[in-house]
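Below is one structure; the comments refer to it alone.
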Amino acid sequence: MLHYREEHVEWAYHLRYPTNETPTREQLLAYDEALFKRYDPLLVQIMDEYGIRRTPGNKSTVMLLARVSNGNARNQVRSACRYFLHVSGVHLI
């Protein structure tokens, strides 16, 4: 069972491994686990700080946005949370 949405794991996988067009199920499961270990503690903490509900869909979306953000993992998640709120119609000033 995946921690994040399958399509988000696939997209994140292809960002990391662009030449592997057809990852196996085992590769996706392993990558999902690596993403979970790297991002989940930060997602929980920082999503709470920004007032983003920690639904499975929201966590998965923020994780994917973090993968395309710059900086270390903490800064990636912060940037992803700000972007998530912006596109969700909640604007930060």
Could you go through the side-chain contact (heavy atoms from CB on, under 4.5 Å) check for Ser79 and Asn70 one step at a time?
CA-CA 8 Å; Ser79 178; Asn70 292 322; over 6 Å; no
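- Nearest heavy-atom pair, Glu21 versus His14, reported as atom, atom and distance to 0.1 Å: O-CE1, 3.5 Å.
- Note on Val87: it does not cluster hydrophobically with Val68, by side-chain heavy-atom contacts below 4.5 Å among ILVMFWY residues.
- For the residue pair Arg38 and Gln76, the shortest heavy atom distance occurs at NH2-OE1, 3.4 Å.
- Distance check: Leu65 CG to Phe84 CZ gives 8.0 Å after rounding to the nearest 0.5 Å.
- Side-chain contact between Tyr39 and Arg67 is present, with heavy atoms from C-beta onward closer than 4.5 Å.
- By the criterion of side-chain heavy atoms lying less than 4.5 angstrom apart, applied directly or through intervening Ile, Leu, Val, Met, Phe, Trp or Tyr residues, Leu29 is not grouped with Leu35; the two fall into different hydrophobic clusters.
- In this structure, the side chain to side chain contact (heavy atoms under 4.5 Å, CB included) partners of Arg74, at least two apart in sequence or on a different chain, are Leu42, Gln45, Ile46, Asn72, Arg78.
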Tell me which donor-acceptor pairs under 3.5 Å the side chains of residues 1-9 have, and how far apart each pair is, sequence neighbours excluded?
| residue | atom | partner | partner atom | Å |
| --- | --- | --- | --- | --- |
| His3 | NE2 | Glu33 | OE1 | 2.9 |
| Glu6 | OE2 | Arg25 | NH1 | 3.3 |
| His8 | ND1 | Ser60 | O | 3.4 |
| His8 | ND1 | Ser60 | OG | 2.6 |

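- Side-chain polar atoms of Asp32 and Tyr13 form no donor-acceptor pair below 3.5 angstrom.
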Which is it for Leu43 and Arg54 under the side-chain contact (heavy atoms from CB on, under 4.5 Å) test, yes or no, and what are the steps along the way?
CA-CA 8 Å; Leu43 288 172; Arg54 283 188 277 127; over 6 Å; no
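- Considering all non-hydrogen atoms of both residues, Gln27 and Pro23 come closest at OE1-CA, 3.1 Å.
- Under the 4.5 Å side-chain criterion, counting only non-hydrogen atoms from C-beta, Val62 is in contact with Cys81.
- The side chain to side chain donor-acceptor pair (under 3.5 Å) check on Arg16 picks up nothing, with sequence neighbours excluded.
- Remark: the Glu10 side chain and the Tyr31 side chain contain no N/O donor-acceptor pair separated by less than 3.5 Å.
- Atom OH in Tyr50 sits 8.0 Å away from atom CG in Leu85 (nearest 0.5 Å).
- Taking 4.5 Å as the limit, every side-chain heavy atom of Asp40 sits out of range of all side-chain heavy atoms of Met63.
- Here the CG-CD distance, from Leu28 to Glu26, works out to 9.0 Å after rounding to the nearest 0.5 Å.
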